[in-house]
Each structure stands twice: as C-alpha cells, then as structure tokens.
Amino acid sequence: MGVERREGGRGRVVMLVDNAVNGDSRVQKTARSAAEAGWDTTLLGLSPDHEAREWMIGGARVRLLPGARARGGAGGLRRRWRELPPSVRRVRRPADWVITRYWMQRLGDHAWRKLEPGLIGFDNRFGPVIDELQPDIIHAHDFRMIGVGARAVARARDRGRDVKLVWDAHEYLPGVRPWRDNYRWQPAHLAYEREYAPHADKVITVSDELAQMLRRDHRLAELPVVVLNAPDMSAGGEQPEVSLRERCGLGPDVPLLVYSGAAAPARGLGVMVEALPKLPGVHMAMVINLPSGEYAAGLIARAAELGVTDRLHVLDYVPAAQVANFLAGATAGVIPIRHFVNHEISLITKFFEYSHARVPIIASDVRTMAATIRGTGQGEVFRADDVADFVRAAQQVLADPERYRAAYDKPGLLDNWTWAAQAEVLDGVYTSLLPVAPR
C-alpha cells in the first residue's frame, strides 16, 4: 500500500486495536469521525481467522492483519522456569507467583518481557505496517496497544520523523479481571502499561474519575481528556428493519424491560431472570452478543426452572447505528452490573444508548451511574444482586414510566451525550498535536 496523502488532508492518523474491530463501537466511531474531520485515517486490527481483510468505515480504511496472536504458552513458562536460579527452582513445580515475584524484583517494570513475552509479538504484526504507513499521529486503543504505538513512534523519530502518540485508555487496568487463569497476567500488563504510558503525547479516556486515576498512577504531566462512550445519533440514528417488540412478538401495551450489551456473570443478568416470577405479566428482553452461548443457556435454563421461559426473550445484536431506535420500543432499560472497579467509575455505553432511546433506566447502585440517575431523575437505582430491591425499582418505574421519560425533556441533557459532541473533543486533541498539516 502506498503512502500518498489525500488532497487537502490534515495529516495521517493510524489507529491500533487488539481486536477484529466489529463489535467495538468506540473504535469504529473514533475512526469514522476522524476521517469525517479530514484526517487520513487507517484503523489496524487483528484478523480472527488469520486472513487479511480490508473495508471502509465511512472515509476510514480498516485493515485486519493476519497471523496467529503471539502469546506465552506452557513451553515459554518452562523455559522461564529454567532461567531462574536454583534457589528459586527448589519449589515442587513452576509456580506463577514465584516467577512473577522473581522477575518483578529483578527487572521492575521491564519484567513483562519475561512474564508476558507475547506482548512483544504484537510488534511483529503491527510494526511493519505502521512504519509503511508513515503516520503523523498514532492512536493506540487500550492497554495492549500503548507499547506498540510507543515503539513505532521511537522508530519514526530515529528516522527523523516527528510522530505523535495518543493513548486511549478504555478501562482502568488494575480493575480488569485477568483474561487468562494465571497469576502473572495482571502484574505483567500493569508493568507494561507503566513503562509506556509516559510516552504518550496525549491521553484520552472515558470518564473524569478515570482521568484522575490515570494521572495519579502514571504521574502524567496533564489530566487526560475525556471522550465519553456516547452513541452516534447523527440524523437520529438508523431505523431497525424489525422493532424490538416485533422480535419479541409483543403488542404495544405489554410491559417490556430490556438489557442490551455483553452477556457475562459480571453483568448481573441473573437478577432479571430471578425477578420474573415476582413481576407477573412483565417480559424481559436480552439483546446480547452471544445469545447461544453458555452463559445465556444458563439463564434460559433457570427461566425454565422458574416457569417463566415464555416471558424471557434472548436476542442477537443489531447494528450499532440502530441500537437506540431499537431499544426505544422497551418500557425501560436495565443495567444490573455488579460492583467492579471499572463499573463504578464511568457511564457505560448502554447508559447513553438507553438515554437516547428515551427509556427510563433501572440500574444497580454502581457509584457514577447511580449518582447520575438520581440527579437527573431518569430512573431508579437498586442494590446490585438484590432481587427484591430490583423488583421494587422495576415496579416503581413500571407504575409511571412517563414520569421518568420526562427527564429527557430537560434542555441540554442529551446534547453532550452524543458522539458528535465527543468527536469535536477528539478532533481538538489531534489538532493540538498537529496544528498545521504536514507537507
């Protein structure tokens, strides 16, 4: 691929993400809006099946890079075990905590190279393509891409090109549950993030509280810029071909509570199923990523045990641009997430989607969201995992949903909760780093 710039372009932005792009609405919206603002935008992701793929999101080009993900396996663990001194190897078997403690004491934040060597493998896939594209700005999404971006910037500067690095911190890494069942995963990734976070020219994130935490943890020179996970409501969003109620086979007067988002134990969906016997006549819709997955199957089985299968509707996702209009068919939206650090500190995507659908919200008492709902009056809050309290909150909302919908009529409430507003913030970040289009 050549590196000629578009006529009148403001500069080239290369975005990095460690997934297959589809399903990551923040990444997709960021790429599309950057291209719409005149930036020559390429989004690099990872192919899930080892085949290279390309397509367009608006004016942004998406490229999925082929090849298996590099990751440390059992062989790597055994090799690292043999590297340890005999005094450490006298335990009965290779133990993650022994290896982690040894390398962290010996190498500090550089220890991730021993504990999670697969992280360096991302350079093998992304590095050559980044170098070929010759970006002016590298936008690294989340914690695994910050190192890839930082090393690409270092290579470019060694060759005389002044490339800027933007780090987009989607989550607070100390609060992320390890993706693999071993002790070394989190200490290694924390060390990796600590090593490279200071290299970012600008940091953006999803909430004010997380911005403060990132500045404190990484001793950043300035407070990260907040870009909310707000939905793209340009032109009012797209209309779904089939409405939520049609998908459920329900008429307009049937009480319908909806959950939209990922299905996992941390999301607390079980409380919705357990509440159904105590909410006669109420139907529950779950619009989830894995409607035929193991977790969803468990929820359906529990509904069968309770005799409420006919009132539980498990549905697949709709395209991101249709979500708000699809959810508007519900009587209220439910956010039953449980108490984890990243749930406490930000307003999650589905909160904004429910808001633009103008449906009342029934949410668990995670800190930031509960405070917002109580302040706006757009819903009710219940104690997380408390079925009886969920039933109470649901009954209050169902008794007078229009009372809660009226909160959305407050002038200006929804204006900042749009991606259009957030795209202006993002463009301001890019412009501050590259105020004049490069030659």
Side-chain angles (χ1 to χ4, degrees), residues 1-22 24 26-48 50-70 119-168 170 196 199-204 227 423 426-427 429-439:
M1 174 180 285
V3 293
E4 291 299 316
R5 298 191 189 281
R6 294 182 306 181
E7 187 73 24
R10 300 173 63 189
R12 173 167 288 123
V13 175
V14 172
M15 298 184 183
L16 315 176
V17 65
D18 67 344
N19 59 38
V21 175
N22 285 324
D24 194 329
R26 182 178 179 87
V27 168
Q28 294 177 56
K29 290 180 294 191
T30 301
R32 181 193 293 272
S33 60
E36 289 175 350
W39 301 95
D40 185 354
T41 306
T42 301
L43 171 57
L44 302 180
L46 297 175
S47 173
H50 319 313
E51 296 294 329
R53 283 180 171 75
E54 292 192 19
W55 70 91
M56 301 296 290
I57 298 178
R61 181 174 300 280
V62 180
R63 294 178 62 182
L64 297 189
L65 308 181
R69 290 194 186 191
L119 287 169
I120 201 69
F122 287 115
D123 273 19
N124 299 331
R125 300 175 68 181
F126 286 93
V129 182
I130 299 170
D131 295 347
E132 174 192 359
L133 290 172
Q134 298 183 21
D136 302 297
I137 296 174
I138 295 174
H139 186 141
H141 285 277
D142 228 348
F143 57 90
R144 294 214 288 189
M145 292 294 100
I146 178 63
V148 178
R151 291 190 293 271
V153 166
R155 290 194 302 274
R157 289 175 179 172
D158 283 346
R159 297 165 185 162
R161 297 188 64 252
D162 185 17
V163 179
K164 303 298 185 181
L165 177 63
V166 174
W167 176 36
D168 191 340
H170 296 188
Y196 290 111
H199 292 263
D201 295 288
K202 286 285 185 178
V203 179
I204 64 177
V227 176
L426 178 66
D427 186 62
V429 170
Y430 288 172
T431 303
S432 70
L433 295 174
L434 203 71
V436 179
R439 295 180 181 178

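Just so you know, residue 1 is the first one in the sequence shown, and it goes up from there. What you see below is based on every heavy atom in this structure, not just the backbone, and it leaves out hydrogens, waters and symmetry mates.
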Nearest heavy-atom pair of [X] and [Y]: which atoms, and what distance?
{"X": "Val14", "Y": "Pro135", "answer": "CG2-CB, 3.5 Å"}
{"X": "Ile138", "Y": "Ala152", "answer": "CD1-CB, 3.7 Å"}
{"X": "Ala423", "Y": "Ser33", "answer": "CB-CB, 3.7 Å"}
{"X": "Arg61", "Y": "Met56", "answer": "CA-SD, 3.7 Å"}
{"X": "Tyr430", "Y": "Ala34", "answer": "CE1-CB, 3.9 Å"}
{"X": "Ile130", "Y": "Leu44", "answer": "CG1-CD1, 4.0 Å"}

Please round to the nearest 0.5 Å and tell me the distance separating atom [atom1] of [X] and atom [atom2] of [Y].
{"X": "Ile137", "Y": "Asp40", "atom1": "CD1", "atom2": "CG", "value": "11.5 Å"}
{"X": "Asp136", "Y": "Arg161", "atom1": "CG", "atom2": "CZ", "value": "6.0 Å"}
{"X": "Gln134", "Y": "Arg159", "atom1": "CD", "atom2": "CZ", "value": "9.0 Å"}

Taking the side chain as every heavy atom from C-beta outward, state whether [X] and [Y] have any atom pair closer than 4.5 Å.
{"X": "Leu165", "Y": "Ile146", "answer": "yes"}
{"X": "His141", "Y": "Asp24", "answer": "no"}
{"X": "Leu46", "Y": "Phe126", "answer": "yes"}
{"X": "Val21", "Y": "Ile57", "answer": "yes"}
{"X": "Arg10", "Y": "Asp427", "answer": "yes"}
{"X": "Leu434", "Y": "Trp39", "answer": "yes"}

- request: Output yes when a side-chain donor or acceptor of Arg63 lies under 3.5 Å from a complementary backbone atom of Thr42, and no otherwise.
  value: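 Looks like no, no N/O pair under 3.5 Å.
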- prompt: Does the Arg125 side chain pair with the main chain of Leu65, one donor and one acceptor, at a distance under 3.5 Å?
  reply: yes
What pairs with [X] under side chain to side chain contact (heavy atoms under 4.5 Å, CB included), at least two apart in sequence or on another chain?
{"X": "Ala31", "result": "Met15, Thr41, Leu43, Ala60"}
{"X": "Pro48", "result": "Ala20, Leu64"}
{"X": "Asp162", "result": "Arg157, Lys164"}

- prompt: Does the pair His199 and Val153 meet the rule for a side chain to side chain contact (heavy atoms under 4.5 Å, CB included), with working shown?
  reply: CA-CA 9 Å; His199 292 263; Val153 166; over 6 Å; no
query: Between Gln28 and Val62, does a side chain to side chain contact (heavy atoms under 4.5 Å, CB included) hold up when you go through it step by step?
result: CA-CA 9 Å; Gln28 294 177 56; Val62 180; over 6 Å; no
message: Arg53: which residues meet the salt bridge (Lys or Arg N to Asp or Glu O under 4.0 Å) condition with it, sequence neighbours left out?
response: Asp49
Sequence-distant partners of Asp142, salt bridge (Lys or Arg N to Asp or Glu O under 4.0 Å), two or more places apart: none
Quick one: list whatever passes side-chain hydrogen bond (donor to acceptor under 3.5 Å, both in side chains) with [X], sequence neighbours left out.
{"X": "Asp123", "result": "Arg151"}
{"X": "Ser432", "result": "none"}
{"X": "Arg26", "result": "Asp168, Asn229"}
{"X": "Thr30", "result": "none"}

